[in-house]
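As a basis for the values below, the full set of heavy atoms in this structure was taken, side chains included, without hydrogen atoms, waters or symmetry mates. Order of the sequence lines fixes the chain letters, A, B, ..., with proteins taken first and strands second; residue numbering starts at 1 for each chain.
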Amino acid sequence: FLGKKTIDDELLENLEEFLITADIGPQAADMIIEKIRTEYTRGTLKDAERITDALKQTLTEILSDVEEFNEDMTNKPYVILVSGVNGAGKTTSIAKLANMYKNAGKSVMLIAGDTFRAAAADQLAEWGRRLDIPVIRKEDGSDPAAVIHDGLTSAKSKNIDVVIADTAGRLHTKHNLMQELVKINKVAEKVLTYPVQESIIVLDATSGQNALTQAKMFKDAINVNGVILTKLDGTAKGGIALRIVNELHLPIRYIGFGESMEDLRPFNAENFVEAMFN
Amino acid sequence: DLNEKLSGVFKRLKGETRISEANIADAVKQVRMALLEADVNYKVVKSFIAGVQEAALGESVIKSVSPAQQFIKIVHDNLVDILGGKDYTPSLPLKPIPPTIIMLSGLQGSGKTTSAGKLGRYFSKDGKNVLLIAADIYRPAAIDQLEVLGKNLNIDVYSDKKCKDAVKIARDGLEYAKKAAKDIVIVDTAGRLHIDEELMKEVENVKKTISPDYTFFVADAMTGQDAVNAATEFNNRLEITGVILTKTDGDARGGAALSIRYATGKPLMFIGTGEKTEEFELFHPDRMASRILG
Ligand SMILES: Nc1nc2c(ncn2[C@@H]2O[C@H](COP(=O)(O)OP(=O)(O)OP(=O)(O)O)[C@@H](O)[C@H]2O)c(=O)[nH]1
Ligand SMILES: Nc1nc2c(ncn2[C@@H]2O[C@H](COP(=O)(O)OP(=O)(O)OP(=O)(O)O)[C@@H](O)[C@H]2O)c(=O)[nH]1
Ligand SMILES: [Mg+2]
Ligand SMILES: [Mg+2]
């Protein structure tokens, strides 16, 4: 739709294709197009050449319209509980977060809360080894809540600044696994005497509209208060972020754009929208 | 579901004798919306709807239904046909001279390593002698992951933790399989982006080196609009045999299945229905069609 002179049906269809292909979702796309069309009819959007700017502004406004996350460091340790569906990028994102906090001068500890999947604890332990950060783990098949319990107890006694807890991938449709997560969260709060400061859901940018359901279910279960959106180094645009912010009022905390420990950056609405148009 | 959404439309249009653009206009809109909400790719939806609409127009309507109801049935039947047809039974016939070589590829986290275990079990429970080859040299503990899966299934795993050359591991693993008289070889590869030139070259080279009889693209059922991009590129570079669709035990509608089929023309063959190695089934076009339409 770039370079068009008037807002006609063809332009609106191109707009729709752009938004839907970005995984914004057909209903959200319709709403945004309606907004653009109204601005044009009202005269607030004077010509079609401005439409790209108008669209960028609308998308940026939607993505910015959420309370900024407050990193409350009052209590020690600062605990980040990481959850999400299978293969989204939780374990790798934890390595990235650990790297970030370590570079900021914090003492960090990791908890291998995935006691189910083959070599899950080995995977996190390898990251811990590369980062020179302690990893608390138990034998495969242990109760994940027990690992969390031991990990947090150790972190408190060692005066650790930041603890990041990994959990097994789980589909939100599996009631028993969601209950397990609820239990992990409760045990963490019991050991800490305060709720975990950050409960992050990791979402894969290549996933479609189901990511919204995932975020909602995890939020309902354990009060997820932030999102990491991974794999934005691919060709997926991660447009579902708009619905996540708009409908669930969850802030996107970070984006993952690669498989190395440095490939994480804080979410920035303008940059995210700019990348959508590239 | 779609039928409920259209019940009002159905009631109003009963008694018409032929399908016309006018009497299915609402139904077309609803089907389009259903497919987009199911994550079917935008261009695929456009093409699919145009095709079905063309096939449906002028059709005479069965006495007891409305044109819109009939249109929905035509949509469903067309979807089943495209996905493989209602009598489709995927199979992997073995090569007359062993080993039969299978290679798995796909984006990061799609379920390749787990599916390698599942495929291994699929053959070993029929008494076949299987070798898994751990050719992911990048992901931390990827080799350990496949070794644990193999151990739990009593299936051999070939690996070389010291080797940083995926092509060499695949070649040496195949060599070992022949010496050990294995019936089936399954090569697990690292997750990679279809736009990562270096890694796409690597997986092309693995394929050239071992000449697999079957090359699978392993795709996550919850993939969105991007499914077309990745599947097209993997198919162009590797000439895939078919697709394994994973994590179908979730509630994603699975429109990626239609997108991938449209984009590559290749068959959907297996689905992952859970994390356990026995949670692996043949792909059913009719079940997938109903799921996509919601
Ligand atoms: N390209 C890319 N790959 C990523 C990114 N984040 C994670 N990955 C890859 O995605 C795959 C899965 O990552 P994991 O960290 O194991 O995902 P997980 O959510 O912990 O998986 P489970 O524990 O099995 O549920 C790995 O190959 C990672 O290297 C990213 O931002 N970009
Ligand atoms: N629920 C469910 N989980 C699955 C299925 N298939 C794989 N998984 C899970 O998805 C996650 C990723 O699976 P992997 O086999 O590690 O994926 P991968 O493609 O090998 O990942 P990379 O090698 O990092 O690219 C793991 O937690 C698996 O247990 C499935 O059909 N259903
Ligand atoms: Mg993990
Ligand atoms: Mg793997």
Notebook entry, point to check: Does a side-chain N-to-carboxylate-O contact under 4.0 Å join Lys161(B) and Glu126(A)?
Noted result: no
Are Glu275(B) and Arg170(A) packed together at the side-chain level, in the sense that at least one heavy-atom pair is separated by less than 4.5 angstrom?
no
Nearest heavy-atom contact between Pro26(A) and Met33(B) is CB-SD, 3.5 Å
Assert top hit (heavy-atom pairs under 4.5 Å, partner chain B, pool Asp122(A), Thr206(A), Thr230(A)) equals Thr206(A)
When the 4.5 angstrom heavy-atom criterion is applied to Lys46(B) and chain A, the contacting part is side chain
Crowding at CZ, Arg287(B) (>12 non-hydrogen neighbours, <6.0 Å)
no
Within residues 210-221 of chain A, the residues sitting under 4.5 Å from chain B by heavy atom, in sequence order, are Asn210(A), Thr213(A), Gln214(A)
In short, Thr173(A) meets Asp249(B) closest at the heavy-atom pair OG1-O, 3.3 Å
What one should report as the nearest heavy-atom pair of Asp39(B) and Gly208(A) is OD1-CA, 3.4 Å
Donor-acceptor pair between Gln145(B) and Gln123(A) side chains, under 3.5 angstrom: no
Handout entry: Pairwise side-chain contact, Thr235(A) with Gln225(B), heavy-atom cut-off 4.5 Å (strictly under)
Key = no
- Candidate pair Arg139(B) and Glu259(A), rule salt bridge (charged side-chain N to carboxylate O under 4.0 Å, His left out), full reasoning: CA-CA 9 Å; Arg139(B) 170 172 156 155; Glu259(A) 302 189 68; over 6 Å; no
